[in-house]
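So the structure is just underneath, and the comments pick up after that.
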Amino acid sequence: MHSPSIQLEYLIPEYLEKEKLERSQVWNTRLSIRKGERLQIVAPSGSGKTSLVHMVYGLRNDFSGEVLCDGKSLKTFTTDDLAAWKKNRISVVFQDLRLFPDQSAERNIEVKRVLQPYHTVSKVTEMAKRLGVFEKLRQHAQTCSYGEQQRIAIIRALQQPFDFLLLDEPFSHLDDRNAENAWALIEEECTARGATIIMIDLQEIPFYSAQRTLHL
Amino acid sequence: MTPDYSTISPFLVSSKSKWSRSLGYIGLCLGVILLLCSVQMYMNVQQFIGGKEIKKSGYDFVSVSKLITDQNMGKDNRFTAAEIHEIQTQPFITDAAPLISNEFRAQISAGNIIPFSTDLFLEAIQDDFIDSVPPSFHWKPGESHVPVILSADYLEMYNIFAPSQDLPQLSESSIGKVQLQLDCSGMYGSGRYTAGIVGLSSRISTILVPQSFLEWANQMYGGKKTEHAARVYLKTENISNPELVKFLQEKGYFVNKERTRSARIKVILQSFVSGLGIFSVIVILLSMMLFAFYLQLMIARSKDNLKLLQTLGYSPAWLSKMMAKRWIPVYTVIIIVALGMTMVFQYAFSLAFSYKETLSAFIAWPVIAIAGILLLLCIWINSRLISRELNRL
């Protein structure tokens with residue numbers, strides 16, 4: 001059996017300017033991401049970070065080139081295949097978090113957990129305590145601060161089995177202590193799963209020891 | 001814990017005013033009650049006016065004769081062999097047989113027991129047109145006993161005027177015991193026979209003797225071969241068939257009024273019930289549309305949540321299955337309530353008409369089958385609708 005992999009084959013977003021494309025180490029190249037790898041992609045604003053996350057996660061198709069998951073193009077996935085991909089193989093912390101604003105933090109996490117349970121409810125509580133949001137679990141997501149919401153989104157992303165974890169500016173609203181704390185939890189969880197981390201951010205994260213750093 | 005409807009229900013924003021949903025429930029229930037009742041009524045009408053006597057073996061039997069008008073009065077208005085053949089070959093007529101009559105004088109008397117004697121007419125028809133043919137209803141040349149089948153109406157008539165004429169009234173069972181004397185006379189001779197009533201017919205209003213006897217006697221006493229008939233009996237699948245009615249009108253043939261009247265009433269009643277059925281289908285469709293609007297509104301209001309659920313890994317197929325399943329108990333309850341109401345209605349109806357006919361107090365199985373089909377149809381349409389709306393997100 002092949003080791004799980006993601007391959008980016010000459011990806012070009014429809015809107016991207018030519019000069020950005022030429023300077024990029026990701027766009028319009030062949031890029032292979034192996035299982036268990038720690039990858040960092042650094043890029044300034046407006047260079048397509050979030051687009052890349054959405055392409056790899058399977059949310060958009062408006063690009064040329066291919067995203068191959070274990071050799072199969074994401075563009076050929078049916079809606080059921082895509083659902084299974086998101087449920088079992090890949091998890092994500094979106095830059096815009098994508099929480100249900102009028103639902104409690106707890107329900108936001110639970111709706112992901114029950115889809116393909118990897119942890120128990122007590123583990124969720126333990127994670128919330130560790131990241132300092134336990135008191136916020138019963139609160140509506142929209143009433144939490146952005147930093148708290150970011151931690152809730154991180155906990156939600158860790159509730160399922162996965163081979164790949166996409167992190168789109170996951171610590172943008174966390175202070176250094178909270179960011180390191182969250183990173184420790186993420187790394188533990190990914191190591192336990194043998195999963196790949198694809199960290200995408202504006203600049204290199206000091207406590208993230210990437211095996212490869214690419215500029216978008 | 002595996003995800004189920006309760007997992008996603010908090011993310012579905014239902015309409016704030018519940019009136020459209022409630023109206024949908026009530027409308028659908030009323031529509032289904034109307035439809036089931038109309039089907040049941042249609043079957044009741046079939047049983048009532050379909051008539052056991054006329055429609056035995058699934059066919060209508062009617063006699064036709066030529067309409068006597070001022071213009072054709074005095075002419076021979078009997079059917080010729082060619083006309084009978086023409087009737088027989090019409091596609092909407094299963095079979096036709098002439099009712100031949102005596103071409104000689106026939107007199108019947110009841111001997112000494114009942115001092116009664118009268119001239120009468122005798123008729124004969126193919127056996128398969130008679131509602132019930134007793135085994136003794138046959139005759140061969142040389143036999144002196146002639147079996148007779150009498151119209152049940154005649155017996156009724158006899159019993160009405162018998163007391164005023166100092167004659168004994170007769171029951172259906174005792175009439176067979178009366179020995180009659182039949183005198184036949186004509187230009188070519190005369191003969192005396194004993195006769196006995198072997199059966200009563202409620203279909204053919206006449207005095208029937210075996211066809212073999214009448215053909216023989218017409219030749220023997222009247223000196224004529226039987227060729228013409230004043231009446232022809234029709235066997236048809238539907239007496240109210242417009243093509244048949246048109247054919248009879250064009251030819252100037254006259255049909256027994258009672259039979260056509262009941263057929264017309266049956267058609268009117270069935271049309272009314274069918275109209276009710278069509279109306280109920282419209283009510284059901286309108287209710288389904290209300291449901292559709294309600295669902296569309298709910299899905300439109302929950303659009304962002306449903307999209308996010310899909311982003312998290314919930315498949316559209318699973319989501320639509322869960323949402324559709326939610327409605328199955330609702331539809332089941334509606335159909336069961338409607339079926340129950342139809343049962344109550346049929347029970348009351350059977351009680352109200354119990355003096356006339358034995359009508360089943362229970363609803364007919366096709367009504368239950370239609371209820372089942374409606375249930376499946378509602379569930380199917382609902383799930384298709386949800387799945388279509390979710391795929392549009």
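We use all heavy atoms of the structure for the numbers below, so side chains are in, but hydrogens, waters and symmetry mates are not. Reminder, nothing fancy here: chain letters follow the sequence lines and each chain counts from 1.
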Parallel, tilted or perpendicular: rings of B:Trp327 and B:Tyr331 (30°, 60°): tilted
Contact origin within B:Pro10 toward chain A - heavy atom pairs under 4.5 Å: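 Both backbone and side chain.
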Proximal component of B:Leu309, with respect to chain A [non-hydrogen, under 4.5 Å]: both
Engaged part of A:Leu99 at the chain B interface, taking heavy atoms whose separation is under 4.5 Å: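 It is the backbone, since no side chain atom gets that close.
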Closest-packed option against chain B by number of heavy-atom pairs under 4.5 Å, given A:Arg156, A:Gln116, A:Lys87: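 Greatest number of close heavy-atom pairs with chain B: A:Arg156.
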Those residues that, when tested against B:Phe11, pass ring pair (Phe, Tyr, Trp, His ring centres under 6.0 Å) (two or more places apart): A:Phe100
Close side-chain approach of A:Val92 to A:Asp168, heavy-atom, < 4.5 Å: no
Residues A:Lys123 and A:Glu126 bridged, charged N to O under 4.0 Å: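 Yes, charged N to carboxylate O under 4.0 Å.
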